[in-house]
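Structure record follows, encoded as structure tokens.
These numbers come from a predicted model, not from an experiment. To find a chain, count down the sequence lines: A is the first, B the second, and so on, and within it residues start at 1.
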Amino acid sequence: MIRLRPFLFATLMLLSGHAAAGKFTVAAAADLKFAMDEIIAHYKQDHPADTPQVIYGSSGKFHTQIQQNAPYDLYFSADIAYPRQLQVAGFASSPVKPYAFGRIVLWSASIDASKLNLSSLADPAIKRVAIANPRHAPYGKRAEEALRATGLWDKVAPKLVYGENIAHTAQFVQTGNAQVGIIALALALNPALSREGKYWLIPDTLHAPLEQGFIVTARARDNAGAKRFADYMGSAAARAVMVKYGFALPGEAGKQGAHP
Amino acid sequence: MKLSPGDWQAVVLTLELAGVVTLILFMLGTPIAWWLARTQSKWKAPIGAVVALPLVLPPSVLGFYLLLAMGPNGWVGQLTQSMGIGLLPFTFWGLVVGSVFYSLPFMVQPLQTAFEALGERTLEAAATLRASPLDRFFSVATPIARPGFMTAGILSFAHTVGEFGVVLMIGGNIPGETRVASVQIFDHVEALQYGEAHHLAAVLLVFSFLVLLALYTWRPKALRL
């Protein structure tokens with residue numbers, strides 16, 4: 001028994017040391033699914049002692065959960081309005097940092113979407129169009145704005161099916177249950193989707209900008225790992241990944257990240 | 001309690017869905033339960049296990065397979081398309097199909113228990129009086145098993161009302177077609193409209209409690225599946 005004690009002690013030291021070395025949880029909007037995976041992978045190479053984990057979901061849900069003290073240390077929202085609200089309400093330990101502008105595209109797994117445009121959606125041959133729910137998903141709101149700006153809303157609305165978030169929306173299209181969807185460029189550029197279909201970039205003059213922002217949450221006030229990762233988002237490596245996935249970066253207006 | 005027109009539409013749709021699903025389950029579940037209660041077949045255990053699967057499977061698993069199977073590349077989807085029905089996801093009838101699978105054990109298990117409790121003797125007595133098998137079922141078994149039918153019906157109905165994951169996966173959230181009450185509540189919460197979420201959630205809470213209260217008062221052992 002006595003011989004076990006130093007071992008237990010060492011284990012406890014290791015475990016606590018491990019935690020101090022930077023265990024943190026990132027809650028990220030679904031449009032970041034692939035970009036964030038890659039950024040995290042790079043980050044782990046540079047900071048092997050840190051153990052970040054990422055949860056993807058809808059920005060609105062995370063916003064609600066953080067108000068209920070969800071154990072998230074960083075919150076990346078697809079709509080900068082959500083982290084701003086949280087910051088005002090005292091749930092942030094950092095200023096709201098804009099990190100990217102998103103873009104929306106038409107995407108299809110069954111037809112060549114690069115030859116489509118928004119008015120194609122009125123074609124009777126297209127029976128179902130998937131968008132994210134405009135009531136709470138930022139990409140859904142922009143999709144609705146673009147359809148309204150082109151006067152197509154009334155024609156397309158009866159065909160719409162609503163995904164819970166942008167990844168869920170893409171899944172409706174990927175399985176062929178909706179022929180076309182309006183999804184994030186970041187998802188269309190990911191190999192998993194780009195292998196299966198092409199996209200058409202919706203002009204960003206048709207909708208309000210998809211400005212995205214993140215905060216370090218109040219609970220992570222003393223979490224060194226979370227702070228390191230927040231700084232890392234401004235690094236050249238992280239920015240390169242964001243550009244690769246079609247995000248335009250703040251302070252680089254005009255240099256849109258889209259590479260059709 | 002103030003419900004918006006959208007909330008009412010969701011409530012009515014939910015009741016329609018649960019009603020249709022319960023009716024179909026009576027027709028589908030009764031013969032399955034009857035067979036499971038009486039058979040000596042080696043298939044009894046596997047079939048019973050398949051029926052009980054939705055009790056333990058996450059609805060996302062069921063929803064995922066249904067979305068693939070009923071899609072244009074799935075076998076169900078190709079079947080429905082060749083029959084001229086079109087595709088089932090994002091339609092009311094798609095939800096019906098999903099819910100029938102999802103609530104199947106809640107119909108079959110109480111019925112099976114009721115049928116097993118009948119015993120052979122009653123039915124053999126009826127047989128000696130020259131009652132045909134069908135006659136034995138409808139004139140003898142059904143009246144005795146009536147409480148089992150009530151329990152099964154109420155549980156199937158209530159369980160379908162409480163469905164969420166399967167609907168989210170295959171529904172597409174279309175107002176008046178697939179946006180049921182549970183999804184409507186989810187949307188209210190996501191849109192940060194907690195007041196509206198509260199109203200509708202309270203309606204479901206009270207409804208579910210009353211259903212279970214009625215069931216427990218009337219048959220204290222009903223839920224011991």
Side-chain angles (χ1 to χ4, degrees), chain A residues 29-30 57-68 77-79 81-82 84-86 89 108-111 126-141 156-181 196, chain B residues 4 6-7 10 59-60 63-78 80-81 85-92 94-95 98 164-180 182-198 201:
Chain A
S58 81
S59 303
K61 180 164 60 209
F62 289 141
H63 175 263
T64 306
Q65 290 176 337
I66 288 169
Q67 284 177 310
Q68 307 301 324
S77 168
D79 185 340
Y82 288 132
R84 278 189 182 139
Q85 283 174 18
L86 288 177
S108 172
S110 48
I111 28 187
I126 291 175
K127 302 268 192 298
R128 298 276 188 202
V129 178
I131 69 173
N133 196 325
R135 263 191 74 194
H136 50 73
Y139 280 93
K141 283 180 196 156
V156 179
K159 305 176 176 186
L160 290 178
V161 295
Y162 301 104
E164 191 241 311
N165 57 51
I166 201 62
H168 188 212
T169 308
Q171 172 210 324
F172 280 159
V173 190
Q174 196 178 10
T175 54
N177 284 296
Q179 289 117 307
V180 187
E196 291 186 34
Chain B
S4 70
D7 287 348
S60 49
F64 172 63
Y65 282 128
L66 282 169
L67 188 68
L68 290 185
M70 303 198 304
N73 307 316
W75 63 274
V76 180
Q78 288 179 348
T80 52
Q81 275 182 314
I85 307 173
L87 292 170
L88 285 174
F90 316 133
T91 65
F92 178 77
L95 291 197
F164 174 70
V166 175
V167 178
L168 197 71
M169 294 289 279
I170 63 173
N173 209 341
I174 303 167
E177 177 90 25
T178 59
R179 184 179 292 167
V180 296
S182 58
V183 173
Q184 177 82 346
I185 292 170
F186 180 75
D187 278 352
H188 285 325
V189 176
E190 291 274 289
L192 315 182
Q193 285 160 338
Y194 299 153
E196 292 175 39
H198 272 311

Does atom CZ of B:Phe92 have more than 12 heavy-atom neighbours from other groups under 6.0 Å away?
yes
Kindly check if the number of other-residue, nucleotide or ligand heavy atoms within 6.0 Å of CZ (B:Phe164) is above 12?
yes
Smallest separation among heavy atoms of [X] and [Y], with atom names:
{"X": "A:Thr175", "Y": "B:Asn73", "result": "O-ND2, 4.2 Å"}
{"X": "B:Met169", "Y": "A:His168", "result": "CA-NE2, 4.3 Å"}
{"X": "A:Gly176", "Y": "B:Pro72", "result": "O-CG, 3.1 Å"}
{"X": "A:Arg128", "Y": "B:Pro89", "result": "NH2-O, 4.3 Å"}

Between [options], which has the largest tally of heavy atom pairs under 4.5 Å with chain A?
{"options": "B:Val183, B:Leu88, B:Asp187, B:Ile170", "value": "B:Asp187"}
{"options": "B:Arg179, B:Gln193, B:Met70", "value": "B:Gln193"}
{"options": "B:Leu168, B:Leu67, B:Leu68", "value": "B:Leu67"}
{"options": "B:Ala191, B:Gly77, B:Gly71", "value": "B:Ala191"}

Does A:Asn177 reach the main-chain N or O of B:Phe90 with its side chain, forming a donor-acceptor pair under 3.5 Å?
no
Looking at residues at least two apart in the chain, or sitting in another chain, which of them share a salt bridge (Lys or Arg N to Asp or Glu O under 4.0 Å) with A:Lys159?
none
How long is the straight-line distance from CG of A:Leu160 back to CG of B:Asn173, given to the nearest 0.5 Å?
11.0 Å
At what distance, to the nearest 0.5 angstrom, does NE2 of A:His136 lie from NE2 of B:His188?
10.5 Å
Would you please name every residue forming a side-chain hydrogen bond (donor to acceptor under 3.5 Å, both in side chains) with A:Thr64, sequence neighbours left out?
B:Tyr194
Does any heavy atom of chain B fall under 4.5 Å from the side chain of A:Tyr82, the backbone, both, or neither of them?
side chain
Sort A:Gln85 into side chain, backbone, both or neither according to what part of it lies under 4.5 angstrom from a heavy atom of chain B.
side chain
